[in-house]
Structure formats: C-alpha cells, structure tokens
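Input: a single structure, listed below in structure tokens.
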Amino acid sequence: MLLQMEYEQEKEAFRQAQQARGVERLVAHGDAWLPLRVGRSYYNSLNQLCVEVYRQGSSDPDDEPADHNFEFGKPVQFFTLHPSPSTLHPLPITGTVSYVDGDRMVVSVPDTAPLADLQVSEGQIGVMLFFDETSYRLMFEALERTMRAKGRLGYLRDLFYSPTRQMAAQTYSFPDMGFDYLNATQAHAVNEVLRAKDVAIVHGPPGTGKTTTLVEAIYETLRREPQVLVCAQSNMAVDWISEKLVDRGLNVLRIGNPTRVDDKMLSFTYERRFEAHPDYPQLWAIRKAIRELRAGKKRGDGWHQKMDRLKSRATELEIRIQQELFQQAHVIACTLVGSANRLLDGQKFGTLFIDEAAQALEAACWIAIRRAGRVILAGDHCQLPPTVKCYEALRQGLGRTLMERIARQRPEVVTLLRMQYRMHEDIMRFSSDWFYHNQMIAAPEVRNRSILDLDLPMTWINSEELRVKSEEFAAARDAGQRDAVPRPLNACGQRDAVPRPLNACEQRDAAANSSLFTLHSSLSNPAEARLTLLALQAYFELIGRERIQEERLDVGIISPYRAQVQLLRQLLRRSDFFKPFRRSITVNTVDGFQGQERDIIVISLVRSNDEGQIGFLRELRRMNVAITRARMKVIILGDRSTLTRHPFYRKLWQYIQALRGE
C-alpha cells in the first residue's frame, strides 16, 4: 500500500532525526526549537494541562520570527541536548501543539507529564515535532472503513472509483439562480453545487475568485440545510475560508486553534466560545475542586462519593455547553484529520465542503467524507500538490488526489472558473496556455495593469552570464588581472538600463560563489541570490522610492529551495538600500506563497550546472504558483542553458523573449 510506504519512510526519517547530529538540521528546517525557555503551566478551558515555551535566539528583534512547521494539532516531544559530548536525550514528555504565536508556543500534555524535567540545569531544553502516528492511524482506519462500507459511504466510494459508464453522478434539475455579484462561471459553479446530489468540483485557477465562489456556495447551501462541515488539509486553509465565512455573516465554529493568533480568528474557535459560555465559570470551579480533591493526601469516608458527584456535574455542564455551541453554529470548520475529533462523534452533515482539495491526500479526505451525504471539492490540481516524502510512493501515484481522480473520471461534475482578477494578461497567458488549455480570460480592469509605462510584465534575467563571467573572473584572478570582469546583465530587464561593472565585493562573491551550495539537504546559489536583490534594486530605482512607499507596492521574493530563501533573507537584512522597504518585501518558498499575491514577484530558480539537472524544478505546478502570485511584474532569475533543456522552461524563455520582441 502506498500510504504504508509513506508511513514507513517518514517514521524512519524521524528515527534518524532523533540522533544528535540531526538536531541542527531539524532547527534549520523549522522542525525543532532549540534552546527553549519554559514558561508557566496551567489548565485550559478544555481541562487540558498546558505548558508555555519560548524560542530563544531565533531572530533579530526587528525581524519577523523565523519560519517553523509547528501548528495546532501536531505532536511534539521535548528533549535535552548536552554539548560535551553532543548527545540528544528525549524526555518522557510528549504533547500536542495547542497554538503558536511567533516565538511562543503552548503545548498540551498529559496530566501525568513530569514537567519538573523541563527545569533541568544541564544541557539545553528543546522541542521537536514528534512522528505523527495519529494522522496515519486515522487515514488507515478511514481507508479500511471506506473499503468495506455499505450505504451512503459505499455509494460515494463506488461513484468516485467506478468507470463513468457504470455509474453517473446524480443531480437535481432546476433553473439557474442569478447572482449579480458573481461572474458567469462563478454563478454557474454555485448553481452546479446546489444541483449536485453526490459530488461537485469547483476548479479555481489563480485569481479567479475560488474562495468567493465557495463562500457563496456554502451560504446558499445553508439556506437549504441547517449546518455544513467545511474542511481543508491545512490549518492555514481552514483559517482562510473560516474568516471569509464569518465576514459573510455566518456563525462558524472552528474546531482547533488558528495559525494566526488574533482576536478575530480566536473569536470563533471552540475553545474561546467554550470559555465565553455563561456556565463556564461554574464548570471551572468544579474542575478546580476536582483537582484539589485529587491532590489531597487524605481520602477518608465519602471521598469517592464526593469525587463522583463532582465529575458527574462537570460532565453534565460540558455536554450542555457543547450542545449549545453546536446548535448555534451554521458551519463546523476543521482540518480533514481534525474531523475525527471526539467533539464530532456521532455528527452527520448533509454536505461536506473540502477547500484546497488538490493539496489533500486521498486517504485524508475519506476521514471527513464518512460524516457527509455529499461532497463538494474546491481547489486547483494545477497548483501545489500534496506533500509526499517517499519518492517511490509518489512515483506510483500517492500524490494523485481525490479531486484529480474525480475530475478525470467524471469531468461533467467539474466547473472551471475562467475569469481572473489578479494579473496582467501577459502573465496570465503563459499559465493559461500551459496548464488550462488556453481557457483563462483576464478581467478588463486587470488586463493591462502595470507599474511603469511600456513595462514588460515578465522578465527573465539569465544568471548563466553571471556564472560564465564568474569563471572568467576566476581565470583572470589566477592570471593576476583583478579588474577584468565587466557586468553584462541587465538587472531590471529594461532595454535602456546601462550595465555597470561588478564592484570589488561583488567580484569576490562571484568568484567564490559560482557553484551551488548545499545546506541541510537544500540548495542555495549565493551568486544568484545577490543578483536577485540587485535586480529588484534596479527595478525599485526605476519606479522611484517615493512612489513605492506612497502606493504601498508590495513584493514577493520566491525560491523553490529553502536554503536559498534563508540566504535571500540574510542578504535583505544586511542591505541598507532595502531598509525602508522591508515591511513590503516577503521572502518565502513557493509553498509559503500559496494563496497570496503581490504587485511584484521575483523568482530565483537556483539551479546552475552543465548537465541540465533541474531536480525539484521538474514539479511544474510549483512554477505555476510562483508565476501567478504577481499582479503586475514577474522577474525570473535562472541559468538559461541549464533550465531550457526542459520543455516547460524552454517554452517560458521563448514566451518572455517574444514579449520583448526578440
């Protein structure tokens, strides 16, 4: 079984990461915090013992907290690291992330956890992501239950996997409803969702208003059903759709804590609503009495009877509060794995909406589907795929999602949103041609949007020339000619820009960094990183500093490689030129930019070699995401001779050259 292969691979990777030599890599990848400062411990409103921890020395006070992979629901384990000799000692304290806010994290742990072990004086205390046995167990159980299911779950299984000629998705028949605030394809998608008895797919390419359409479909469904379940693969995606539903006036009950901790997001979580209930103070007092009674040394006559009475009263209040919260909610929102939460035991829903379904493993979808009578999937299988770490499992098809499967098996249930409202038509057209069969249309208001008059919306700066010149410089340096290398590159892509020579610092960097560097299994290209910022600086100088600040132009710098992202962030922090603009510039991986957009997008592709090896860049859906984050300008930096051996990048190079009239 492919899921079993992925399970074994991830379990083995975790075992290896537990070794002391892997701690630095874990920290660099955002899978561990070290060192930690341990804060207070307390019981939360759900009666869970929680401990606060703070990441130390992670970033400059003026910078945003460093990236990490901790989020609600993920299992963690505490450890100590002894420097001499360097040894990692796991502590007998495991828990679950309750929420994270910057460099502060709250972890829920068992009542019996020896928290005194976190106050050790020798070595450093750290916390790392623990192997997520629970998620795999839930996926295995969901698959097993689905395979032997009868009734409605068995019907949906057969419908999704049987050939089209054997079964057909059932629909209602009624005239189209009008939605004045939606375009034609959005309105059609909402009508198709309302007509579907079994399944419907809203296929939303970049900038087409997929979330707007989905929110309206949920709103209209709730005019016919009392309550719906809304899920997504990640907490971030659940947060996004939940916030939009709240803005639409719907009562959302979020099972689990959000990734962005602010009052608006917290206000519709189950935990915050539970605390706000009028009966909660009474429940809290009873729980406190239970803990004090349990901690007491004397257990005389009547102790058990008193404990039973208190527990019975606490359970009664908990059930009453829970029932009232669920009865008031229009939407129950959670991750796919979170749909197995005990709070949802026995709950059934007429409709399940799965947002960003193209990023969800097939097995995870079935965890939630078992609670629903029909399924609506929304997403774009031409953008980011699910994360699969086992190459063999990926090769054999584990990365193929349920949304992809249904779209291929039953194309009649798919509605493509065609009108996009984000990007210049020339940026859109390449993506449309390659990924969407040339079906995309740019809305009139964005068709020609640009920052500069007669600007080229897409530019490819060939960093191969930098590599060649770096090699020439190295040869000249060896021959004693230290100022031999001019700079041939047009950093901003403008035809009238005047090239300038490399300064002494840049010459040294170019000579020293002409090859790729490997950092914690990720690649970086220091020469291209420096050129990336030079290209952005040249473009900023053309626009003008005052205009950038007045119009609040924002920028995304993207690289598929985490090591390159870290390097770019370091260079950006050291740059005096970009100091006034740091709040408007975001540097992240492609995955980190999913669902976002910026006025200007700069992409560093990193790969540079004589063999044409592009590795991770073969995942073209990531490039689709990177390019389509831009509203008005895309600047790509990449080694042309390396990349254009692949047909996608060759076509992209030719397309951009055609825009230049070459």
Side-chain angles (χ1 to χ4, degrees), residues 44-48 72-73 98-99 190 193-194 211-281 283 315-357 365 367-378:
N44 67 8
S45 61
L46 303 183
N47 207 30
Q48 300 167 324
F72 171 81
S98 181
Y99 66 84
V190 173
V193 167
L194 298 177
T211 301
T212 299
T213 306
L214 187 61
V215 166
E216 203 54 44
I218 293 170
Y219 184 86
E220 288 297 326
T221 299
L222 285 168
R223 298 178 67 177
R224 297 156 177 78
E225 300 175 16
Q227 196 174 68
V228 298
L229 178 63
V230 176
C231 294
Q233 173 68 19
S234 69
N235 279 292
M236 188 175 295
V238 177
D239 294 343
W240 179 252
I241 188 68
S242 296
E243 188 170 2
K244 297 304 177 184
L245 289 168
V246 169
D247 291 343
R248 190 67 175 86
L250 297 176
N251 187 325
V252 175
L253 187 61
R254 169 78 159 91
I255 306 300
N257 278 322
T259 54
R260 193 178 80 245
V261 182
D262 60 34
D263 288 341
K264 180 179 181 180
M265 297 296 292
L266 287 170
S267 65
F268 49 83
T269 63
Y270 180 83
E271 186 173 340
R272 184 62 64 88
R273 294 270 181 89
F274 196 93
E275 288 178 347
H277 193 278
D279 289 340
Y280 177 72
L283 175 61
T315 301
E316 178 187 337
L317 285 172
E318 286 178 15
I319 292 173
R320 181 196 304 170
I321 295 172
Q322 178 181 331
Q323 287 179 340
E324 289 186 15
L325 293 180
F326 274 88
Q327 287 171 359
Q328 293 167 4
H330 302 124
V331 176
I332 308 300
C334 59
T335 62
L336 291 165
V337 171
S339 67
N341 193 297
R342 63 175 182 80
L343 293 171
L344 295 176
D345 286 351
Q347 296 268 19
K348 294 291 182 181
F349 300 87
T351 304
L352 162 67
F353 290 87
I354 303 179
D355 194 15
E356 302 296 357
C365 291
I367 300 174
I369 292 174
R370 65 189 176 90
R371 297 195 181 279
R374 69 178 189 136
V375 185
I376 311 300
L377 303 105

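Quick caveat: nothing in here was measured; it's all calculated off a predicted structure.
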How about [X] and [Y]: do any of their side-chain heavy atoms sit closer than 4.5 Å?
X: Leu283; Y: Phe274; answer: yes
X: Val193; Y: Phe353; answer: yes
X: Val228; Y: Phe349; answer: no
X: Arg370; Y: Leu352; answer: no

- Identify the two heavy atoms, one from Leu336 and one from Ala368, that lie closest to each other, and give their separation to 0.1 Å.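 Heavy atoms of Leu336 and Ala368 come nearest at CD2-CB, 3.9 Å.
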- Item | Nearest atoms (heavy-atom pairs only) where Arg273 meets Phe268 |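 Looking at all heavy atoms of both residues, the closest pair is NH2-CB, 3.4 Å.
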Listed pairs under 3.5 Å, donor-acceptor, residues 234-244 side chains, sequence neighbours left out:
from   : atom 1 : to     : atom 2 : distance (Å)
Ser234 : OG     : Ala237 : N      : 3.1
Asn235 : OD1    : Arg254 : NH2    : 2.9
Asn235 : ND2    : Glu71  : OE2    : 2.9
Asn235 : ND2    : Phe72  : O      : 3.1
Asp239 : OD1    : Arg254 : NE     : 3.1
Asp239 : OD1    : Arg254 : NH2    : 2.9
Asp239 : OD2    : Thr259 : N      : 2.7
Asp239 : OD2    : Thr259 : OG1    : 2.7
Trp240 : NE1    : Thr211 : OG1    : 3.3
Ser242 : OG     : Val238 : O      : 2.7
Glu243 : OE1    : Arg260 : NH2    : 3.2
Glu243 : OE2    : Arg260 : NH2    : 3.4
Glu243 : OE2    : Lys264 : NZ     : 3.3

- Just grab all the salt bridge (charged side-chain N to carboxylate O under 4.0 Å, His left out) pairs involving residues 211-222, residues at least two apart or on different chains.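 Residue pairs with at least one partner in residues 211-222: Glu216-Arg248, Glu220-Arg223, Glu220-Arg224.
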Please enumerate all residues that pass side chain to side chain donor-acceptor pair (under 3.5 Å) together with [X], with sequence neighbours excluded.
X: Arg371; answer: none
X: Glu225; answer: Thr351
X: Glu318; answer: Arg287

List in chain and number order the residues that pass side chain to side chain contact (heavy atoms under 4.5 Å, CB included) with [X], two or more places apart in sequence or in another chain; answer none if no residue qualifies.
X: Glu316; value: Arg313, Arg320
X: Ser98; value: Val106, Asn257, Glu271
X: Arg342; value: Asp345

Donor-acceptor contacts, no H, no angles, side chain residues 324-335, under 3.5 Å, sequence neighbours left out:
from   : atom 1 : to     : atom 2 : distance (Å)
Glu324 : OE1    : His277 : NE2    : 2.7
His330 : ND1    : Asn251 : N      : 2.9
Thr335 : OG1    : Gly338 : N      : 2.9

- Query: Between CG of Leu214 and CG of Asp355, what distance do you get to the nearest 0.5 Å?
  - Reply: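 Separation between the atoms: 5.0 Å.
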- Message: As an exercise, state the distance from CG of Leu229 to CD1 of Ile369, rounded to the nearest 0.5 Å.
- Response: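 If we round to the nearest 0.5 Å, Leu229:CG and Ile369:CD1 are 10.5 Å apart.
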